[in-house]
Amino acid sequence: MAILAVKIDNWATLRMNEFFDYAGHCWALSRSREKEDAVGAELEDFYEATVRSGHIEGIPVVFIYENQVVGWYRSAIVYRYIRHPALFLEGNVCADTRDVRLLKQPTAIEGMEFSQNKNYLVIETGDVRYLPLKTLISEDRGPFDVVDYAKTAIDSRARNIGRKDRMKVLLQKCETFAEEIMEDRCQGIGTVKGLAELALEVTRMAADNVNGWYYLAMAYYQLGIVRKGLKAIDKAIRLEPEGDDLLVLKGNLLVSNGCFEEALRCYEEACAINPEDSYFITAGRACACMGNPVAADGYYRKVKNPEVLKAFEIRLGKKKFI
(Lines give C-alpha, C1' and ligand atoms only; values in the text may rest on other atoms or scores of the structure.)
Protein backbone atom coordinates (compact mmCIF):
# COMPACT_ATOMS: atom_id res chain seq x y z
CA MET A 1 0.00 0.00 0.00
CA ALA A 2 1.49 3.35 -1.05
CA ILE A 3 1.97 6.24 1.39
CA LEU A 4 0.76 9.72 0.51
CA ALA A 5 3.03 12.53 1.73
CA VAL A 6 1.37 15.97 1.81
CA LYS A 7 3.29 19.23 2.02
CA ILE A 8 2.07 21.68 4.66
CA ASP A 9 2.47 25.33 3.68
CA ASN A 10 1.60 26.83 7.05
CA TRP A 11 2.25 24.92 10.26
CA ALA A 12 0.18 27.41 12.29
CA THR A 13 -3.05 26.38 10.55
CA LEU A 14 -2.78 22.63 11.21
CA ARG A 15 -5.40 22.66 13.98
CA MET A 16 -7.90 24.53 11.83
CA ASN A 17 -7.34 22.44 8.74
CA GLU A 18 -5.65 19.01 8.66
CA PHE A 19 -6.09 18.31 12.37
CA PHE A 20 -9.53 19.76 13.04
CA ASP A 21 -12.09 17.25 14.32
CA TYR A 22 -15.23 17.84 12.27
CA ALA A 23 -18.03 15.43 13.13
CA GLY A 24 -15.57 12.65 13.91
CA HIS A 25 -13.37 13.13 10.84
CA CYS A 26 -10.38 15.18 9.77
CA TRP A 27 -9.92 16.60 6.27
CA ALA A 28 -6.75 17.51 4.41
CA LEU A 29 -5.81 18.92 1.02
CA SER A 30 -3.09 17.40 -1.16
CA ARG A 31 -2.65 20.69 -2.98
CA SER A 32 -1.89 24.22 -1.83
CA ARG A 33 -4.72 25.97 0.01
CA GLU A 34 -3.76 29.19 -1.77
CA LYS A 35 -4.83 27.87 -5.19
CA GLU A 36 -8.35 27.49 -6.54
CA ASP A 37 -7.87 24.53 -8.90
CA ALA A 38 -10.34 21.72 -8.27
CA VAL A 39 -8.03 18.70 -8.50
CA GLY A 40 -6.65 17.37 -5.23
CA ALA A 41 -4.59 14.39 -6.39
CA GLU A 42 -3.91 12.47 -9.58
CA LEU A 43 -5.06 9.04 -8.47
CA GLU A 44 -3.16 7.47 -11.36
CA ASP A 45 -0.02 8.17 -9.33
CA PHE A 46 -1.09 5.26 -7.11
CA TYR A 47 -0.69 1.66 -8.26
CA GLU A 48 -3.99 1.00 -6.45
CA ALA A 49 -5.99 3.38 -8.69
CA THR A 50 -7.11 3.66 -12.29
CA VAL A 51 -8.52 6.46 -14.42
CA ARG A 52 -11.98 5.28 -13.38
CA SER A 53 -11.29 5.58 -9.66
CA GLY A 54 -13.12 8.37 -7.92
CA HIS A 55 -11.35 7.59 -4.64
CA ILE A 56 -9.10 5.01 -2.99
CA GLU A 57 -9.28 3.78 0.59
CA GLY A 58 -6.88 2.65 3.30
CA ILE A 59 -4.07 5.01 2.31
CA PRO A 60 -1.59 6.09 5.05
CA VAL A 61 -0.97 9.86 4.85
CA VAL A 62 1.95 11.76 6.39
CA PHE A 63 2.11 15.55 6.62
CA ILE A 64 5.45 17.23 5.95
CA TYR A 65 6.56 20.71 6.96
CA GLU A 66 10.09 21.72 5.95
CA ASN A 67 11.27 18.09 5.61
CA GLN A 68 9.79 17.12 8.98
CA VAL A 69 6.81 14.90 9.73
CA VAL A 70 4.27 16.84 11.82
CA GLY A 71 1.60 14.13 11.95
CA TRP A 72 -0.27 11.50 10.00
CA TYR A 73 -3.50 9.68 9.19
CA ARG A 74 -2.97 5.94 9.68
CA SER A 75 -5.68 5.14 7.16
CA ALA A 76 -7.51 7.59 4.92
CA ILE A 77 -9.76 7.91 1.90
CA VAL A 78 -8.15 9.93 -0.91
CA TYR A 79 -10.63 11.54 -3.31
CA ARG A 80 -9.84 12.73 -6.81
CA TYR A 81 -11.72 16.01 -6.36
CA ILE A 82 -12.03 18.50 -3.53
CA ARG A 83 -14.99 18.09 -1.17
CA HIS A 84 -16.64 20.67 1.09
CA PRO A 85 -18.02 19.05 4.26
CA ALA A 86 -18.70 22.55 5.68
CA LEU A 87 -18.58 26.16 4.55
CA PHE A 88 -15.23 26.68 6.28
CA LEU A 89 -13.73 23.27 5.57
CA GLU A 90 -12.52 21.59 2.40
CA GLY A 91 -10.39 18.61 1.53
CA ASN A 92 -9.83 15.57 -0.64
CA VAL A 93 -8.27 13.39 2.08
CA CYS A 94 -10.54 12.15 4.88
CA ALA A 95 -9.77 10.07 7.97
CA ASP A 96 -11.58 8.99 11.10
CA THR A 97 -10.22 11.01 14.02
CA ARG A 98 -9.30 7.74 15.76
CA ASP A 99 -6.70 7.25 13.01
CA VAL A 100 -5.28 10.76 13.29
CA ARG A 101 -2.01 11.61 15.06
CA LEU A 102 -0.53 15.09 15.58
CA LEU A 103 3.03 15.10 16.94
CA LYS A 104 4.00 17.39 19.78
CA GLN A 105 7.44 17.71 18.20
CA PRO A 106 8.07 17.19 14.45
CA THR A 107 10.47 14.43 13.43
CA ALA A 108 12.94 14.76 10.56
CA ILE A 109 12.75 12.49 7.51
CA GLU A 110 15.37 12.60 4.74
CA GLY A 111 14.56 13.04 1.09
CA MET A 112 11.14 14.70 1.40
CA GLU A 113 11.52 17.19 -1.45
CA PHE A 114 8.41 18.31 -3.32
CA SER A 115 8.26 19.62 -6.88
CA GLN A 116 7.14 23.18 -7.49
CA ASN A 117 3.81 22.21 -9.04
CA LYS A 118 2.76 19.48 -6.59
CA ASN A 119 2.06 19.51 -2.89
CA TYR A 120 2.13 15.74 -2.55
CA LEU A 121 4.30 12.69 -3.11
CA VAL A 122 3.18 9.10 -3.65
CA ILE A 123 5.74 6.81 -2.02
CA GLU A 124 5.46 3.20 -3.15
CA THR A 125 6.91 0.13 -1.41
CA GLY A 126 10.17 0.11 -3.40
CA ASP A 127 11.07 3.68 -2.43
CA VAL A 128 13.88 4.09 0.15
CA ARG A 129 11.65 6.51 2.08
CA TYR A 130 8.83 4.01 2.38
CA LEU A 131 10.15 1.88 5.26
CA PRO A 132 11.07 4.78 7.62
CA LEU A 133 7.63 6.34 7.10
CA LYS A 134 5.80 3.02 7.40
CA THR A 135 7.67 2.22 10.61
CA LEU A 136 6.90 5.66 12.06
CA ILE A 137 3.19 5.26 11.39
CA SER A 138 2.80 1.60 12.34
CA GLU A 139 4.71 1.96 15.61
CA ASP A 140 2.61 5.02 16.49
CA ARG A 141 5.59 6.88 17.87
CA GLY A 142 4.67 9.85 20.06
CA PRO A 143 4.24 11.88 22.09
CA PHE A 144 1.09 13.10 20.41
CA ASP A 145 -0.63 16.43 20.79
CA VAL A 146 -4.35 15.90 21.35
CA VAL A 147 -6.68 18.81 22.04
CA ASP A 148 -10.04 18.38 23.75
CA TYR A 149 -11.66 21.79 23.64
CA ALA A 150 -14.22 20.86 26.26
CA LYS A 151 -11.49 20.25 28.81
CA THR A 152 -9.01 22.95 27.87
CA ALA A 153 -11.76 25.57 27.72
CA ILE A 154 -12.29 25.32 31.47
CA ASP A 155 -9.70 26.18 34.05
CA SER A 156 -8.23 22.93 35.38
CA ARG A 157 -9.06 24.02 38.92
CA ALA A 158 -12.76 23.79 38.02
CA ARG A 159 -12.71 20.04 37.47
CA ASN A 160 -13.01 19.12 41.12
CA ILE A 161 -15.77 21.54 42.10
CA GLY A 162 -19.36 20.54 42.87
CA ARG A 163 -22.01 19.85 40.26
CA LYS A 164 -23.89 23.13 40.75
CA ASP A 165 -20.75 25.26 40.61
CA ARG A 166 -19.42 23.31 37.63
CA MET A 167 -22.65 23.95 35.74
CA LYS A 168 -22.27 27.66 36.47
CA VAL A 169 -18.70 27.66 35.14
CA LEU A 170 -19.74 25.79 31.99
CA LEU A 171 -22.58 28.20 31.23
CA GLN A 172 -20.39 31.25 31.89
CA LYS A 173 -17.81 29.92 29.46
CA CYS A 174 -20.55 29.15 26.91
CA GLU A 175 -21.79 32.73 27.22
CA THR A 176 -18.27 34.09 26.68
CA PHE A 177 -17.71 31.95 23.57
CA ALA A 178 -21.17 32.80 22.21
CA GLU A 179 -20.51 36.53 22.59
CA GLU A 180 -17.20 36.19 20.75
CA ILE A 181 -18.96 34.42 17.88
CA MET A 182 -21.92 36.82 17.70
CA GLU A 183 -19.68 39.91 17.87
CA ASP A 184 -17.20 38.57 15.27
CA ARG A 185 -14.41 38.44 17.84
CA CYS A 186 -13.88 34.71 17.35
CA GLN A 187 -10.15 34.00 16.93
CA GLY A 188 -10.57 30.62 15.27
CA ILE A 189 -12.73 27.58 14.79
CA GLY A 190 -11.52 26.29 18.16
CA THR A 191 -13.88 28.74 19.85
CA VAL A 192 -16.88 27.28 18.01
CA LYS A 193 -15.72 23.74 18.69
CA GLY A 194 -15.22 24.65 22.33
CA LEU A 195 -18.74 26.05 22.56
CA ALA A 196 -20.15 22.81 21.15
CA GLU A 197 -18.25 20.63 23.61
CA LEU A 198 -19.08 22.80 26.60
CA ALA A 199 -22.77 23.03 25.71
CA LEU A 200 -22.93 19.28 25.14
CA GLU A 201 -21.59 18.72 28.64
CA VAL A 202 -24.24 21.08 30.02
CA THR A 203 -27.02 19.10 28.31
CA ARG A 204 -25.58 15.85 29.66
CA MET A 205 -25.58 17.25 33.19
CA ALA A 206 -29.04 18.80 32.92
CA ALA A 207 -31.29 17.83 30.02
CA ASP A 208 -33.81 20.49 31.08
CA ASN A 209 -31.36 23.39 30.76
CA VAL A 210 -32.64 25.50 27.86
CA ASN A 211 -29.42 27.52 27.60
CA GLY A 212 -27.36 24.39 27.11
CA TRP A 213 -29.48 23.31 24.13
CA TYR A 214 -29.48 26.86 22.74
CA TYR A 215 -25.69 27.15 22.86
CA LEU A 216 -25.32 23.67 21.38
CA ALA A 217 -27.61 24.59 18.49
CA MET A 218 -25.69 27.82 17.96
CA ALA A 219 -22.39 25.94 17.75
CA TYR A 220 -23.82 23.35 15.36
CA TYR A 221 -25.18 26.18 13.19
CA GLN A 222 -21.72 27.73 12.96
CA LEU A 223 -20.16 24.33 12.22
CA GLY A 224 -22.68 23.52 9.50
CA ILE A 225 -24.06 20.48 11.36
CA VAL A 226 -27.65 21.37 10.56
CA ARG A 227 -29.52 18.20 11.55
CA LYS A 228 -28.02 18.07 15.02
CA GLY A 229 -28.56 21.80 15.34
CA LEU A 230 -32.26 21.43 14.59
CA LYS A 231 -32.61 18.62 17.12
CA ALA A 232 -30.91 20.75 19.77
CA ILE A 233 -32.98 23.87 19.11
CA ASP A 234 -36.23 21.87 19.06
CA LYS A 235 -35.40 20.61 22.57
CA ALA A 236 -34.76 24.20 23.67
CA ILE A 237 -38.09 25.40 22.19
CA ARG A 238 -39.99 22.60 23.94
CA LEU A 239 -38.55 23.89 27.20
CA GLU A 240 -39.24 27.54 26.33
CA PRO A 241 -41.92 27.86 23.59
CA GLU A 242 -41.99 31.67 23.85
CA GLY A 243 -38.25 32.10 23.34
CA ASP A 244 -38.01 34.49 20.39
CA ASP A 245 -34.23 34.09 20.09
CA LEU A 246 -34.70 30.31 19.98
CA LEU A 247 -37.21 30.60 17.14
CA VAL A 248 -34.86 32.84 15.17
CA LEU A 249 -31.99 30.41 15.55
CA LYS A 250 -34.24 27.59 14.36
CA GLY A 251 -35.14 29.75 11.37
CA ASN A 252 -31.47 30.28 10.58
CA LEU A 253 -30.83 26.54 10.71
CA LEU A 254 -33.80 25.90 8.42
CA VAL A 255 -32.46 28.46 5.95
CA SER A 256 -29.15 26.59 5.95
CA ASN A 257 -31.13 23.49 5.05
CA GLY A 258 -33.01 25.27 2.25
CA CYS A 259 -36.35 25.16 4.12
CA PHE A 260 -37.27 28.82 3.59
CA GLU A 261 -41.03 28.62 4.18
CA GLU A 262 -40.56 26.83 7.51
CA ALA A 263 -37.88 29.35 8.43
CA LEU A 264 -40.22 32.25 7.65
CA ARG A 265 -42.86 30.81 10.00
CA CYS A 266 -40.24 30.73 12.78
CA TYR A 267 -39.26 34.35 12.10
CA GLU A 268 -42.92 35.42 12.07
CA GLU A 269 -43.51 33.75 15.45
CA ALA A 270 -40.44 35.50 16.83
CA CYS A 271 -41.62 38.87 15.50
CA ALA A 272 -45.03 38.34 17.11
CA ILE A 273 -43.37 37.74 20.47
CA ASN A 274 -40.73 40.45 20.18
CA PRO A 275 -40.82 42.80 17.14
CA GLU A 276 -37.08 43.38 16.91
CA ASP A 277 -35.67 45.02 13.80
CA SER A 278 -33.18 42.21 13.21
CA TYR A 279 -36.04 39.70 13.15
CA PHE A 280 -37.76 41.61 10.33
CA ILE A 281 -34.47 41.52 8.43
CA THR A 282 -34.23 37.73 8.71
CA ALA A 283 -37.87 37.34 7.67
CA GLY A 284 -37.30 39.59 4.67
CA ARG A 285 -34.24 37.65 3.61
CA ALA A 286 -36.17 34.39 3.80
CA CYS A 287 -38.74 35.90 1.42
CA ALA A 288 -35.98 37.06 -0.89
CA CYS A 289 -34.55 33.55 -0.96
CA MET A 290 -37.98 32.27 -1.98
CA GLY A 291 -37.99 34.73 -4.89
CA ASN A 292 -40.56 37.11 -3.38
CA PRO A 293 -38.97 40.58 -3.23
CA VAL A 294 -42.33 42.28 -2.62
CA ALA A 295 -42.87 40.34 0.61
CA ALA A 296 -39.24 40.96 1.55
CA ASP A 297 -39.73 44.71 1.06
CA GLY A 298 -42.79 44.55 3.29
CA TYR A 299 -40.76 43.12 6.16
CA TYR A 300 -37.91 45.57 5.63
CA ARG A 301 -40.35 48.48 5.88
CA LYS A 302 -41.26 47.34 9.39
CA VAL A 303 -37.69 48.07 10.53
CA LYS A 304 -37.83 51.19 12.72
CA ASN A 305 -34.12 52.01 12.86
CA PRO A 306 -32.77 53.05 9.44
CA GLU A 307 -29.25 52.29 10.65
CA VAL A 308 -30.18 48.60 10.80
CA LEU A 309 -31.15 48.66 7.13
CA LYS A 310 -27.93 50.45 6.33
CA ALA A 311 -25.89 47.90 8.28
CA PHE A 312 -27.43 45.09 6.22
CA GLU A 313 -27.02 47.11 2.98
CA ILE A 314 -30.74 47.04 2.29
CA ARG A 315 -32.46 49.73 0.22
CA LEU A 316 -36.24 49.87 0.29
CA GLY A 317 -38.10 49.53 -2.98
CA LYS A 318 -35.51 47.33 -4.70
CA LYS A 319 -36.95 44.75 -7.08
CA LYS A 320 -34.47 42.11 -6.05
CA PHE A 321 -32.82 41.31 -2.76
CA ILE A 322 -29.86 39.06 -2.10
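Quick note: residue numbers are just sequence positions, from 1.
Ionic pairing of K7 and E113 is not present here: no N-O contact between side-chain nitrogen and carboxylate oxygen is shorter than 4.0 angstrom. Between D145 and R15 a salt bridge is recorded (basic side-chain N to carboxylate O distance below 4.0 Å). Between K302 and D277 there is no salt bridge, since none of the side-chain N atoms of the basic residue sits less than 4.0 Å from a carboxylate O of the acidic one. Between E197 and K193 there is a salt bridge, with a side-chain nitrogen of the basic residue lying less than 4.0 Å from a carboxylate oxygen of the acidic one.
The shortest non-hydrogen separation linking Y279 to N274 is CD1-O, 3.1 Å. Nearest heavy-atom pair, T191 versus E180, reported as atom, atom and distance to 0.1 Å: CG2-OE1, 3.6 Å. Heavy-atom minimum distance, C174 versus A199: SG-N, 3.7 Å. The shortest non-hydrogen separation linking L43 to S53 is CD1-O, 3.5 Å. Of all non-hydrogen atoms in S256 and V226, the two that sit nearest each other are CB-CG2, 3.9 Å. Closest approach of L264 and A283 over heavy atoms only: CD1-O, 3.6 Å.
Heavy atoms of other residues, nucleotides or ligands lying less than 6.0 angstrom from CD of Q105 number 12 at most. Within a 6.0 Å radius of CD in E110, other residues, nucleotides and ligands contribute 12 heavy atoms or fewer. Annotation for Q172: atom CD counts as buried by contact number, over 12 foreign heavy atoms lying within 6.0 Å.
Of the candidates N119, I64, N67, I64 is the only one forming a side chain to side chain contact (heavy atoms under 4.5 Å, CB included) with F114.
Looking at R74, its side chain never comes within 3.5 Å of a backbone N or O of P60 through a donor-acceptor pair. With D96 contributing its side chain and R98 its backbone, the two residues share a donor-acceptor pair below 3.5 Å. Side chain of N92 to main chain of S30: a donor-acceptor pair is present (N/O by atom type, distance under 3.5 Å, no hydrogens or angles). Counting only distance, with no hydrogens or angles, the side chain of Y73 and the backbone of E18 share a donor-acceptor pair below 3.5 Å. Judged purely by atom type and a 3.5 angstrom limit, T50 uses its side chain to pair as donor or acceptor with the backbone of R52. At least one donor-acceptor pair under 3.5 Å links the side chain of R129 to the backbone N or O of G111.
The line from NE2 of H55 to CD of E57 is 4.0 Å long, rounded to the nearest 0.5 Å. For the atom pair CG (D245) and OH (Y214), the distance works out to 5.0 Å, reported to the nearest 0.5 Å. In this structure, the separation between CD1 on I233 and CG on L249 is 4.0 Å, given to the nearest 0.5 Å. Note that CG of L121 is 7.5 Å distant from OG of S115, once rounded to the nearest 0.5 Å. The CG atom of L102 sits 6.5 Å away from atom CG of L14, with the distance rounded to the nearest 0.5 Å. With values rounded to the nearest 0.5 angstrom, W27 atom CH2 is found 13.5 Å from N17 atom CG.
Tracing side-chain contacts under 4.5 Å through hydrophobic residues (I, L, V, M, F, W, Y), one reaches V303 starting from L316; they form part of the same cluster. Neither Y47 nor I56 shares a network with the other; the hydrophobic side chains, linked directly or stepwise wherever heavy atoms of I, L, V, M, F, W or Y lie under 4.5 Å apart, form separate groups for each.
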**OP:** For K118 and E42, run salt bridge (Lys or Arg N to Asp or Glu O under 4.0 Å): C-alpha distance rounded to whole Å, both residues' side-chain angles, the deciding distance at 0.1 Å, then the answer.
**Re:** CA-CA 10 Å; K118 278 191 176 181; E42 297 290 345; over 6 Å; no
**OP:** With side-chain contact (heavy atoms from CB on, under 4.5 Å) as the test, would you mind laying out the steps for Y300 and R285 before giving the verdict?
**Re:** CA-CA 9 Å; Y300 296 149; R285 286 188 161 180; 3.4 Å; yes
**OP:** Go through the steps for Y65 and D9 under the test side chain to side chain donor-acceptor pair (under 3.5 Å), then give the verdict.
**Re:** CA-CA 7 Å; Y65 179 75; D9 295 318; over 6 Å; no
**OP:** Could you walk me through whether I123 and L133 pass side-chain contact (heavy atoms from CB on, under 4.5 Å), step by step?
**Re:** CA-CA 9 Å; I123 302 172; L133 290 173; 3.5 Å; yes
**OP:** Decide yes or no on side-chain contact (heavy atoms from CB on, under 4.5 Å) for Y215 and L198, but give the supporting numbers first.
**Re:** CA-CA 9 Å; Y215 289 132; L198 289 164; over 6 Å; no
**OP:** Run the numbers on K228 and K231 for side-chain contact (heavy atoms from CB on, under 4.5 Å), then give the verdict.
**Re:** CA-CA 5 Å; K228 287 187 176 181; K231 288 182 179 180; 5.5 Å; no
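Considering only heavy atoms from C-beta on, F46 comes within 4.5 Å of I59 through its side chain. Side-chain contact between R31 and Y120: absent, with no pair of heavy atoms (C-beta onward) separated by less than 4.5 Å. Taking the side chain as every heavy atom from C-beta outward, I281 and L309 approach each other to under 4.5 Å. Between E179 and M182 the shortest side-chain heavy-atom distance does not fall below 4.5 Å. In this structure the side chain of E44 reaches within 4.5 angstrom of the side chain of R80, judged on heavy atoms. With a 4.5 Å cut-off on side-chain heavy atoms, Q68 and I109 do not count as touching. Side-chain contact between V255 and N257 is absent, with no heavy-atom pair separated by less than 4.5 Å.
The stretch residues 250-260 participates, sequence neighbours left out, in these salt bridge (charged side-chain N to carboxylate O under 4.0 Å, His left out) pairs: D234-K250.
Judged by the 6.0 Å and 45° rule, R83 forms a cation-pi pair with Y79.
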Name the atoms and distances for all side-chain donor-acceptor pairs under 3.5 Å in residues 202-211, with sequence neighbours left out.
{"from": "T203", "atom 1": "OG1", "to": "L200", "atom 2": "O", "distance (Å)": "2.7"}
{"from": "N209", "atom 1": "OD1", "to": "N211", "atom 2": "N", "distance (Å)": "3.1"}
{"from": "N209", "atom 1": "OD1", "to": "G212", "atom 2": "N", "distance (Å)": "2.9"}

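For W72 and F144, the ring centers sit closer than 6.0 Å to each other. Residues Y267 and Y299 keep their aromatic ring centres 6.0 Å or farther apart.
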